[in-house]
Amino acid sequence: MIDIKFIRSNPDIVRKAIVDKNEKADLDILLAADEQRRKLQYDFDQLKARQNAVSQIIAQKKRAKEDAGTELSEMTMVADEIKTIQAALNEVSADLDARLLTIPNLPHASVPVGRDEALNEVLRHEGTARKFDFEPKDHLDVANTNRMLDLPRGAKISGSGFPIYTGFGAKLERALINFMLEYHLQKHGYSELMVPLAVNRKTMTGTGQLPKLEEDMYHIGEDDLFLIPTAEVPVTNLYADEVLSYKDLPQKFVAYTPCFRREAGSYGKDTRGLQRLHQFNKVEMVRFVEPETSEAALEDMLNDAEDILKAFGLHYRVVSLCTGDLSFASQKTYDLEVWAAGSGKYLEVSSVSNFGEFQARRANIRYKDAEGKMRHLHTLNGSGLATPRLMIAILESYQKADGSLDIPEVLKPFMELKV
RNA sequence: GGAGAGGUGACCGAGUUGGCUUAAGGUGCACGCCUGCUAAGCGUGUGUAGGGGAAACCUUACCCAGGGUUCGAAUCCCUGCCUCUCCGCCA
């Protein structure tokens with residue numbers, strides 16, 4: 001969340017951010033609540049101070065076996081007043097806190113201002129697109145020819161959007177995950193985590209999914225748990241309510257998890273094959289860094305994600321999201337879009353974001369800097385990568401004229417593990 | 001799921017007949033002094049968050065969390081969460 005003190009002294013900057021990000025939040029009501037909270041807090045403090053002082057006197061008199069009737073009757077009234085003010089204070093504070101959670105992060109100055117994805121900025125293209133001397137099929141045809149997917153039975157068991165990978169397909173999916181994990185571990189210096197796939201409300205609020213995106217998540221009502229939409233959630237919350245030392249930073253984690261998304265409101269859009277799913281696999285990178293280094297860390301993590309696409313020899317482009325396409329919690333985001341050679345379009349396979357101190361404030365993750373000062377650290381995360389669209393790009397780019405499939409060289413060792 | 005025990009400051013650990021504790025004592029840490037030697041001793045300081053103040057500083061809250069009783073709660077009551085032990089069930 002944004003520091004209330006910052007909002008108080010820079011309301012116009014925050015207002016602009018809300019508009020640029022297409023969010024809705026009434027800053028005037030929030031500021032009024034803040035004003036009221038401080039006033040009530042002041043009154044409360046005064047009365048409490050009085051109560052504490054007189055309580056000392058009462059205690060002394062009681063010990064000396066003196067009469068404290070005057071003090072007691074005064075305190076009865078003060079206690080009453082305190083109770084009333086405290087109730088009001090609690091209410092205003094709760095309202096203020098709830099409102100603060102609806103204020104989006106401020107976009108970084110380098111982020112292009114724009115209403116929607118049409119105004120995203122394509123920064124560069126990398127690699128070369130596969131050229132065919134035959135009519136290429138799209139990924140679903142390639143998958144079916146090679147018996148790699150069974151989407152109808154996935155739909156029977158769970159519903160559409162819950163894929164079944166079969167035989168060679170399952171093995172290829174597993175190889176992708178393993179390759180990416182090992183790559184980040186061995187070449188990029190990340191540490192691996194395996195984390196819970198169902199998390200509580202507080203955790204979901206910490207990274208910013210709640211309260212805004214409750215409708216987009218699978219909820220287990222019995223236990224009030226949510227299935228994670230990304231490993232970002234459990235991994236970033238690893239240090240919630242903790243204080244680290246500057247000596248502990250930076251920290252880099254990588255985690256593979258399935259991801260669950262209800263995709264409410266996007267039915268009928270890009271539904272063929274693996275394009276949009278309710279359950280998919282992803283290898284996620286998360287970093288905890290000192291504030292001064294987060295901008296460089298974002299570029300570095302972008303490279304980490306790109307290295308995977310390069311290792312697979314795939315063509316892709318790098319996009320800087322405009323304010324309107326930026327997520328609620330993000331300060332700056334790069335998307336990597338891989339070229340789907342068969343269907344002829346770019347598909348998002350990675351989103352690499354710097355959240356600044358936004359998530360650290362929500363999740364209460366702090367550190368002591370070299371001067372011993374308590375500060376919020378910065379968090380970043382990036383997909384490295386999500387598998388479904390990566391699989392699409394590989395199937396379409398590596399298909400052969402006879403309908404069979406080749407695969408990237410780097411994956412072959414992972415397909416040939418011996419027991 | 002059943003029974004019991006417990007959750008105190010960076011750490012250990014007192015405090016549970018409610019009020020000279022708005023948390024003793026110790027360890028650690030920081031600074032200073034002394035001692036001339038990988039040590040010991042002495043002194044001072046040592047949390048987070050909010051409010052006020054130019055500052056020194058003052059003040060409020062926080063003893064797992066949230067309610068309640070009371071003039072007053074770390075201490076009493078209720079609910080929840082977590083940890084440990086035993087039993088049951090189970091991959």
Side-chain angles (χ1 to χ4, degrees), chain A residues 1-9 30-101 103 194-206 210 219-226 234 237-249 258 357-377:
Chain A
M1 69 180 90
I2 312 279
D3 187 0
I4 181 64
K5 288 180 194 158
F6 181 89
I7 300 178
R8 211 181 280 154
S9 44
L30 184 147
L31 287 168
D34 173 51
E35 182 83 39
Q36 207 195 346
R37 199 208 93 238
R38 280 188 293 160
K39 188 190 167 311
L40 286 167
Q41 183 73 54
Y42 180 80
D43 294 343
F44 178 79
D45 287 354
Q46 296 298 310
L47 284 168
K48 262 295 190 180
R50 176 75 185 148
Q51 186 181 60
N52 287 343
V54 177
S55 283
Q56 295 292 313
I57 296 172
I58 293 175
Q60 279 171 21
K61 287 202 170 179
K62 290 254 179 183
R63 272 196 300 277
K65 303 265 191 270
E66 291 172 25
D67 176 58
T70 324
E71 287 81 2
L72 279 175
S73 61
E74 184 200 342
M75 284 307 100
T76 308
M77 289 164 61
V78 170
D80 243 35
E81 228 177 315
I82 287 176
K83 206 168 216 172
T84 308
I85 291 180
Q86 174 136 49
L89 182 60
N90 287 348
E91 197 178 320
V92 171
S93 294
D95 178 62
L96 180 62
D97 291 345
R99 287 182 188 282
L100 274 173
L101 291 177
I103 307 295
M194 292 202 85
V195 295
L197 306 181
V199 303
N200 60 33
R201 201 166 272 280
K202 180 173 184 286
T203 299
M204 276 295 182
T205 307
L210 288 180
H219 181 230
I220 303 162
E222 190 75 16
D223 302 292
D224 199 23
L225 293 174
F226 297 86
N237 278 283
L238 187 70
Y239 294 125
D241 295 318
E242 293 190 37
V243 179
L244 306 183
S245 161
Y246 69 95
K247 292 174 193 155
D248 301 329
L249 301 175
E357 63 169 34
F358 189 80
Q359 293 182 326
R361 262 186 195 283
R362 287 186 159 235
N364 191 26
I365 309 170
R366 296 176 296 174
Y367 81 105
K368 273 201 169 137
D369 68 15
E371 278 79 51
K373 230 181 92 186
M374 192 74 88
R375 303 173 65 187
H376 288 97
L377 48 73

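Any value given below was found using the heavy atoms of this structure, including those in side chains, with hydrogens, waters and symmetry copies removed.
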To the nearest Å, how far apart are [X] [atom1] and [N] [atom2]?
X: A:Glu242; N: B:G9; atom1: CD; atom2: P; result: 15 Å
X: A:Glu74; N: B:U70; atom1: CD; atom2: C1'; result: 17 Å
X: A:Asp241; N: B:G9; atom1: CG; atom2: P; result: 14 Å
X: A:Asp45; N: B:A49; atom1: CG; atom2: C1'; result: 12 Å
X: A:Leu72; N: B:G18; atom1: CG; atom2: C1'; result: 14 Å
X: A:Asp223; N: B:C81; atom1: CG; atom2: P; result: 10 Å
X: A:Arg50; N: B:U60; atom1: CZ; atom2: C1'; result: 16 Å
X: A:Phe44; N: B:G51; atom1: CZ; atom2: P; result: 15 Å

Spacing of the [atom1] atoms in [M] and [N] (rounded, Å):
N: B:G9; M: B:C63; atom1: P; value: 10 Å
N: B:C81; M: B:G25; atom1: C1'; value: 31 Å
N: B:A54; M: B:A39; atom1: P; value: 47 Å
N: B:U8; M: B:U59; atom1: P; value: 29 Å
N: B:U44; M: B:C34; atom1: C1'; value: 15 Å
N: B:G7; M: B:U17; atom1: C1'; value: 23 Å
N: B:C86; M: B:G43; atom1: P; value: 47 Å
N: B:C77; M: B:U70; atom1: P; value: 16 Å

Residue mapping more 5' on RNA chain B - nearest nucleotide basis, A:Met374 or A:Gln51: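 Result: A:Met374.
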
How do A:Ala49 and A:Lys83 order along RNA chain B: which one's closest nucleotide is nearer the 5' end? A:Ala49

So which nucleotide does [N] pair with, by the Watson-Crick or G-U wobble rule with both distances under 3.5 Å?
N: B:U35; answer: none
N: B:G4; answer: B:C84
N: B:U48; answer: B:A61
N: B:U21; answer: none
N: B:C89; answer: none

Other residues, nucleotides, ligands: >12 heavy atoms within 6.0 Å of A:Glu35 CD: no

Within 6.0 Å of CZ in A:Phe6, more than 12 heavy atoms from elsewhere: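 Counting other residues, nucleotides and ligands, CZ of A:Phe6 exceeds 12 neighbours.
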
Using a heavy-atom cut-off of 4.0 Å across all strands, would you classify A:Lys48 as base, sugar-phosphate, or nothing? sugar-phosphate

Measure from the side-chain heavy atoms of [X] and tell me the nearest of [options].
X: A:Ile58; options: B:C71, B:U22, B:U60; value: B:C71
X: A:Lys368; options: B:G19, B:G51, B:U48; value: B:U48
X: A:Arg366; options: B:U48, B:C71, B:U60; value: B:U48
X: A:Lys5; options: B:G51, B:U60, B:C71; value: B:G51
X: A:Ala79; options: B:G67, B:C71, B:U60; value: B:C71

Between A:Asp34 and A:Arg37, does at least one N-O distance fall below 4.0 Å, as a salt bridge requires?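 Yes, A:Asp34 and A:Arg37 are salt-bridged.
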
Using a strict threshold of under 4.0 Å (side-chain N to carboxylate O), is an ion pair present between A:Glu357 and A:Arg375?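 Looking at A:Glu357 together with A:Arg375, the answer is no, because their closest N to O distance does not fall below 4.0 Å.
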
Check: A:Arg361 and A:Leu100 side chains under 4.5 Å, non-hydrogen atoms: no

Answer yes if the side chains of A:Thr203 and A:Asn200 hold a donor-acceptor pair under 3.5 Å, and no otherwise.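 There is such a pair between these side chains.
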
Donor-acceptor pair under 3.5 Å, A:Asn52 side chain vs B:G72 base: no

Checking A:Leu101 against A:Thr205 for the side chain to side chain contact (heavy atoms under 4.5 Å, CB included) test, could you report, in this order, the C-alpha distance in whole Å, the side-chain angles of both residues, the deciding distance, and whether it holds? CA-CA 8 Å; A:Leu101 291 177; A:Thr205 307; 3.9 Å; yes

Within less than 4.0 Å of OP1 or OP2 of B:G50, is there a side-chain N or O belonging to A:Arg8?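 No, because none of the side-chain N or O atoms of A:Arg8 sits under 4.0 Å from OP1 or OP2 of B:G50.
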
